[in-house]
S.K.: 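Structure provided below as structure tokens; questions to follow.
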Number of protein chains: 2
Amino acid sequence: MDIQHAILGILSWQPLSGYDLKKIISESDLFYWSGNNNQIYYSLVELHKAELITQEIQHQESLPTKKKYTITEKGRAELRKWTLANPDLPELRNNFLIQLAWADQLSQPEMDDLLGRYEDEIEIQLRMRQARQQAGYQNNASDGTARAKFFWKKIFENILAAYQHELDWIREVRRELRDVNFPDEI
Amino acid sequence: MDIQHAILGILSWQPLSGYDLKKIISESDLFYWSGNNNQIYYSLVELHKAELITQEIQHQESLPTKKKYTITEKGRAELRKWTLANPDLPELRNNFLIQLAWADQLSQPEMDDLLGRYEDEIEIQLRMRQARQQAGYQNNASDGTARAKFFWKKIFENILAAYQHELDWIREVRRELRDVNFPDEI
DNA sequence: CTTGTCATGTAAGAGGTTACATGATTCG
DNA sequence: CGAATCATGTAACCTCTTACATGACAAG
């Protein structure tokens, strides 16, 4: 899996410019990349070279010229092939867990402050994503089949659940820490 | 958060060589890096330059010479400072979700095969980690305080739960897909 | 006699990030 | 009058990965 396939997939919904793709990717919860120019504009050049997309230059009055990219038949075939490929494992990289591994050096108030900051940050992320989904913001499959809608729903349930589980976990950690008295507490 | 702090943290438990660190990191579920030489040996040079660790060359009979690294007081201060730093968000990057976003093109058998492969892979990962934890393999805090043990337990609960939730999710997706008949199924 | 362990190190490259550069238009 | 939007592109850099290189010894 790489961003080129994601771009190819987005272009399979509709022809778009690099700028459009940048916005979609940077505002998306699913497409987790930052949406930086370097990567997107370079990917488009590469996809074009490989004849998976075509480029159409559109001159606009009072706005900059833009390049609209359209997926080709070869591109659709590549996308289908990739969709069938062996799934990657999710990347579970939680630096906070590593930080916690040495948190025992901290005093009780420092610790509680640290855990509290993490809880707050996770909650903000969860609320943000919940709001975005309620606004129907990312529902690119609204015009798809019933099955496509089902998958779309499951994808976003997965993302929200991950944040919800993390929030539940940190709250449980804090609750236990309050309730249990450790004899060697600093 | 970066691997240098993780290395510093591991060295706060006991003095180790680069080779030892490589093994610990590559076999760990918590320290998610690959454990490649380039990163570890380079980090040790940098930590040494910054006087956060000291180096002791140990000649061994019938084995290669090794370099044992010990954390300094300055290193411990840096570790403590970092432990208090603002927590990073977990990196939730699941390429499989992106793959699913275009899975509607697939036929029912292709789809079921794809979802099945993902379920199998997640289950393998979960079982592997469960086994490692049952073997007490990663319990570096076995000699720590009661509070340190509590954190260690919570850290590994978090990691296992992430895989368990992913497994539950994919099973639920497959169950619903079997039970619901989509009118536009291919 | 080949594979694995101990032990250090380097090279090359993929993938990703922030920041810079340009320039017209529109909105507050 | 300054900031945001539209739109493309480049430069510099960081992190991390795989693979290569060396060499002795132990075990199957």
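Lettering of chains follows the sequences in order, A, B, ..., and the numbering in each one begins at 1.
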S.K.: How many whole angstroms separate atom NZ of K22(B) from atom P of dA19(D)?
M.R.: 12 Å

S.K.: Separation of D2(A) atom CG from dC16(D) atom C1', in whole Å?
M.R.: 16 Å

S.K.: Do you know which two heavy atoms are closest between I53(A) and I71(A), and how far apart they sit?
M.R.: CG2-CA, 4.1 Å

S.K.: Please tell me which of N36(A) and K68(A) maps to the more 5' nucleotide of DNA chain D, matching each residue to the nucleotide holding its nearest heavy atom.
M.R.: K68(A)

S.K.: I want to confirm an ordering. Mapping G35(B) and Q60(A) to their closest nucleotides on DNA chain D, which one lands closer to the 5' end?
M.R.: Q60(A)

S.K.: Please tell me which of the listed nucleotides, dA7(C), dT5(D), dG16(C), lies nearest to the side chain of W33(A)?
M.R.: dG16(C)

S.K.: Does some side-chain heavy atom of I170(A) sit less than 4.5 Å from a side-chain heavy atom of F96(A)?
M.R.: yes

S.K.: Partners of K74(B) by side chain to side chain contact (heavy atoms under 4.5 Å, CB included), sequence neighbours excluded?
M.R.: E51(B), L52(B), T72(B)

S.K.: Would you jot down, in residue-number order, the residues of residues 38-49 of chain A having a non-hydrogen atom under 4.0 Å from DNA chain C?
M.R.: N38(A), Q39(A)

S.K.: Got F151(B) and W102(A) here, is their nearest side-chain heavy-atom distance under 4.5 Å?
M.R.: no

S.K.: Atom CD of Q55(A) and atom P of dA7(D): how far apart are they, to the nearest Å?
M.R.: 15 Å

S.K.: Could you tell me how far apart N37(B) (CG) and dT15(D) (C1') are, to the nearest whole angstrom?
M.R.: 16 Å

S.K.: For the pair made of CD in Q4(B) and P in dC14(D), what is the distance, rounded to whole Å?
M.R.: 12 Å

S.K.: On the 0 to 90° scale, with breaks at 30° and 60°, tag the F31(A)-W13(A) ring pair as parallel, tilted or perpendicular.
M.R.: tilted

S.K.: Return the 5'-most residue of the pair S34(A), P64(A) with respect to DNA chain C, ranking by each residue's nearest nucleotide.
M.R.: S34(A)

S.K.: Could you check how far OH of Y19(B) sits from P of dT22(D), rounded to whole Å?
M.R.: 19 Å

S.K.: So which one's nearest nucleotide on DNA chain C is more toward 5', G18(B) or R93(B)?
M.R.: G18(B)

S.K.: Counting just side-chain N and O atoms, does S17(B) come under 4.0 Å of either OP1 or OP2 of dT8(C)?
M.R.: yes

S.K.: Should the heavy atoms of other residues, nucleotides or ligands under 6.0 Å from CD of Q58(B) be counted, would the total exceed 12?
M.R.: yes

S.K.: From dA7(C), dT17(C), dT8(C), pick the nucleotide closest to the side chain of K67(B)?
M.R.: dT8(C)

S.K.: Figure out the CZ/C1' separation between F31(A) and dG16(C), and round it to whole Å.
M.R.: 18 Å

S.K.: Suppose clustering is done on Ile, Leu, Val, Met, Phe, Trp and Tyr with side-chain heavy atoms closer than 4.5 Å. Which residues sit in the same group as Y19(A)?
M.R.: Y41(A)

S.K.: In this structure, how many angstroms lie between the P atom of dA14(C) and the CG atom of D88(A), rounded?
M.R.: 18 Å

